[in-house]
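Notes follow once the structure below has been shown.
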Amino acid sequence: MTDQYMRTNTTIVPDERGYFGEFGGRFVPETLIPALDELTAAYREAMADPDFQAEFANLQKTYTGRPTPVSYAKRLSEHLGGAQIYLKREDLAHTGAHKINNALGQALLAKRMGKRRVVAETGAGQHGVASATASALLGLDCHVYMGSVDIARQQPNVFRMRLLGAEVIPVESGSKTLKDAINEAIRDWVTNVNTTFYLLGSALGPHPYPMMVRDFQSVIGIEAREQIVEMAGRLPDVCVACVGGGSNAIGLFHAFRQDEQVDLIGVEAGGHGVASGEHAARFADPNLGRPGVLHGTRSYVLQDADGQIMNTHSVSAGLDYASIGPEHAFLRQQERAFYTLATDDEALEAFQMLSQLEGIIPALESAHAIAEVVKRAPGMPKDAVILVNLSGRGDKDLDTVIKELGKRT
Amino acid sequence: MKHTGTVTGVEAIAALFAHTKAQNRAAFLPYFPVGYPTYAESLDAITAMAEAGVDGFEIGVPFSDPLADGPTIQAATQIALENGITLRKCLDAVRALRGRGVEQPMLLMSYLNPLLAYGVDAFVVDAKAAGATGLIIPDLPPEEAALFSDTCSREGLAMVFFLAPTSDERRIALVNQSATGFIYVVSLTGVTGARTELPADLRNFIGRVREHSDKPLVLGFGISTPEQARSMNDLVDGFIVGSALVKAGKDDAEAVGILAAQLRAALE
């Protein structure tokens, strides 16, 4: 497995056309192709410009609060009785999730490109809040598309975005969740392409987004790799992260890609279980999850036999999406990363466990990663090390959790 | 202009433009989605337009996530999906329309994913056998189209690509080289849907495309009225109307035929 992967050498994926192996690419209307070319060129210029890098690094330090710490989860480790568990605390980043890393990077790029109007999509609302925050900081005009189902289940974030000066536009089409919010954001971008920057929130969409979002999020893994070596005295045996579009996971995994001894585990949303058909587990359902094209990129997509995109279900709005970033499809095909799932019930249990044993209320998304740790740690030796990305905090999810736990008692 | 089994799609489209050029007018190529408001009524609407003397068709295949479409076509294709319309059923529709004697070129307009799910080679072969003339895939730029080009050229199906006001000279040349049949020129930056006015700089944009292109240019997006249709004669080789016809088709296939006849008459 590793041989082939090393030959591929992730430092050069994606290729010039935005392909990670057979995944990725650019499947969008012609109107957007020149905008994507312009964005790719501007991104490469910015990344090569020491002034841009310095401004970004300074904001990460003085505004976001980076580096975020790694916490040793002593009581959780003891409770599970196996591997030692460490948490990368993206929940402590400003706005309460990893989304700010990418939002600040792209907002700086928008400003550099002279585009004052920004559109974004959001599922759980974390990327919307991060985009609204970055826009407030940099004086950009921010418009966030959000499915009306997600608006209902993530009210605190809707209020936050409006408070931050963003316009939140409810999306009533299709399943009224993240997928439809992306459709509307793309339609807005097609219409206003000359003046507008599309601030896409996950490692998906047409090239260069999967590459650019990965790069902006890779700070997670770069920091965590150094921190874990300092705290545990060595590299982890396993890195675990939840995967919706996959930006927090790719951000953690990227720095470990050459460390063959480190297993990389992505956790998809199992919803009510794969057998129920109500889930967002693109890799785990061989009937519905097949390679296809959604939102400009070729990756695994939950679809019916006719190629229509399926509605998905997860208790966590941020994982409730029918496709997955193309680099994850590539890492899985190369057998460099492995993917599993956690059901709604498992995530809710992990949500409570981490709250009670560590005093940390995780986002429901991140609780999926914790749920995998709960399954995996007891079977591992006591000197084994698990590093899990705690991608966000759970304050936004309290209403949902109260409702869900009410249903289960 | 007549469709027969021995004429390729590319040839049928070439004959279409030879015919309209001889008449000194633009070709009118209406769009209508299969399955709206019902399967039967969509076939009636298309048949009514054929009888009204339109020059060809874009036959819309419904998709769950039509990101290049505005509210009218989104809503109509959503209803078509609820009516159980699949890609296979759209091929049935083309076959049924040929059976009814519709002779004009018919280009299937579909987003990419249903075609991938069907299997590209199988789809191109089946589309040709059903009587389709060509393919229009809004989320497939020429850079990604290698998958289709061999099979399409073997089967003689036209493969239409898009140009937009944002396309530069390099892209105009690329699309001109890749497209067969015609080039679909998007009139504005935006999604499909009727607009009261077309962009002021449209003539400059078309001129810019002409400088680097020798294929027939068919304008779409935003065109809905006979007045707009009349202005197409000295501007482009053909034009597309979609949303306005879909709106007319809400209750009545006959109303679609009447609007199509008015748009067609405006070209005389």
Side-chain angles (χ1 to χ4, degrees), chain A residues 16-19 22 24-38 171-175 179-196 205-207 288 290-299 301-311 322-323, chain B residues 61-71 74-75 77-78 80-81 84-90 110-119 123 137-145 147 161-168 170-172 174-175 183-193 221:
Chain A
E16 276 299 306
R17 295 171 59 225
Y19 274 89
E22 62 178 274
R26 258 186 197 174
F27 298 89
V28 293
E30 170 67 23
T31 312
L32 293 179
I33 298 281
L36 291 168
D37 282 340
E38 183 193 4
V171 176
E172 301 289 350
S173 58
S175 59
K179 162 175 92 76
D180 312 284
I182 297 177
N183 288 339
E184 278 309 313
I186 292 176
R187 289 182 187 121
D188 182 312
W189 194 31
V190 168
T191 306
N192 302 296
V193 62
N194 292 321
T195 58
T196 296
H207 180 63
L288 302 177
R290 302 190 309 276
V293 167
L294 178 65
H295 295 145
T297 192
R298 183 170 191 277
S299 185
V301 181
L302 287 169
Q303 54 186 310
D304 69 12
D306 193 45
Q308 305 296 339
I309 310 306
M310 300 293 289
N311 288 339
S323 187
Chain B
V61 177
F63 181 51
S64 53
D65 295 81
L67 52 76
D69 284 304
Q74 280 177 48
T77 51
Q78 183 60 39
L81 287 176
I85 302 303
T86 60
L87 181 55
R88 216 165 279 281
K89 193 79 181 159
C90 294
S110 174
Y111 289 88
L112 179 58
N113 202 56
L115 310 185
L116 296 178
Y118 193 104
F123 169 73
I137 307 169
D139 54 352
L140 188 76
E143 290 93 326
E144 302 284 2
L147 203 54
F161 291 104
F162 290 77
L163 282 171
T166 51
S167 309
D168 61 12
R170 193 182 57 81
R171 294 207 59 81
I172 295 170
L174 173 68
V175 166
I183 294 170
Y184 189 138
V185 181
V186 177
S187 68
L188 42 79
T189 57
V191 293
T192 60
F221 285 38

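Each chain gets a letter, A, B and so on, in the order the sequences are listed, and its residues count up from 1.
A distance-only check finds a donor-acceptor pair linking the side chain of A:Arg187 to the backbone of B:Asp69 [under 3.5 Å]. No donor-acceptor distance shorter than 3.5 angstrom exists from the side chain of B:Gln74 to the backbone of A:Gly174, with no hydrogens or angles considered.
Taking A:Asp188 as the reference, A:Arg117, A:Tyr145, A:Asn192 meet the side chain to side chain donor-acceptor pair (under 3.5 Å) condition, with sequence neighbours excluded.
Rounding to the nearest 0.5 angstrom, the gap separating the CG atom in A:Leu294 from the CG atom in B:Leu67 is 8.0 Å. Between B:Ile137 atom CD1 and A:Phe27 atom CZ the span is 10.5 Å, to the nearest 0.5 Å. Note that the CE atom of A:Met310 and the OG atom of B:Ser64 stand 10.0 Å from one another [nearest 0.5 Å]. With values rounded to the nearest 0.5 angstrom, A:Gln303 atom CD is found 11.0 Å from B:Asp65 atom CG.
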Side-chain donor-acceptor pairs of residues 31-38 of chain A under 3.5 Å, sequence neighbours excluded:
residue : atom : partner  : partner atom : Å
A:Asp37 : OD1  : A:Arg26  : NH1          : 2.7
A:Asp37 : OD2  : B:Arg170 : NH2          : 3.4

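A salt bridge links B:Glu144 with A:Arg17; the closest basic N to acidic carboxylate O contact falls under 4.0 Å.
Neither the backbone nor the side chain of A:Asn311 has a heavy atom closer than 4.5 Å to any heavy atom of chain B. B:Leu174 does not touch chain A: none of its heavy atoms, backbone or side chain, sits under 4.5 Å away. For B:Leu116, the part lying under 4.5 angstrom from a heavy atom of chain A is the side chain only. Of the atoms belonging to A:Ile182, not a single heavy atom falls under 4.5 Å from chain B.
Looking only at heavy-atom pairs under 4.5 Å with chain B, the residue among A:Thr191, A:Asp180, A:Asp304 that has the most is A:Thr191. Comparing B:Ala68, B:Gly70, B:Pro66 by how many heavy-atom pairs each has under 4.5 Å with chain A, the most go to B:Pro66.
Exactly one residue among B:Tyr184, B:Phe162, B:Phe161 makes a side chain to side chain contact (heavy atoms under 4.5 Å, CB included) with A:Glu30. That residue is B:Phe162.
Here the closest heavy-atom approach between residue A:Gly307 and residue B:Phe63 is recorded as O-CE1, 3.4 Å. Here the closest non-hydrogen pair linking B:Pro62 and A:Gln308 is O-NE2, 3.1 Å. The nearest pair of heavy atoms linking A:Ile309 to B:Asn113 is CD1-ND2, 3.7 Å. Closest heavy-atom contact between A:Asp306 and B:Ala117: C-CB, 4.0 Å.
When side chains are defined from C-beta on, A:Val193 counts as touching B:Thr166, because their heavy atoms get closer than 4.5 Å.
Around atom CZ of A:Arg290, more than 12 heavy atoms belonging to other residues, nucleotides or ligands sit under 6.0 Å away.
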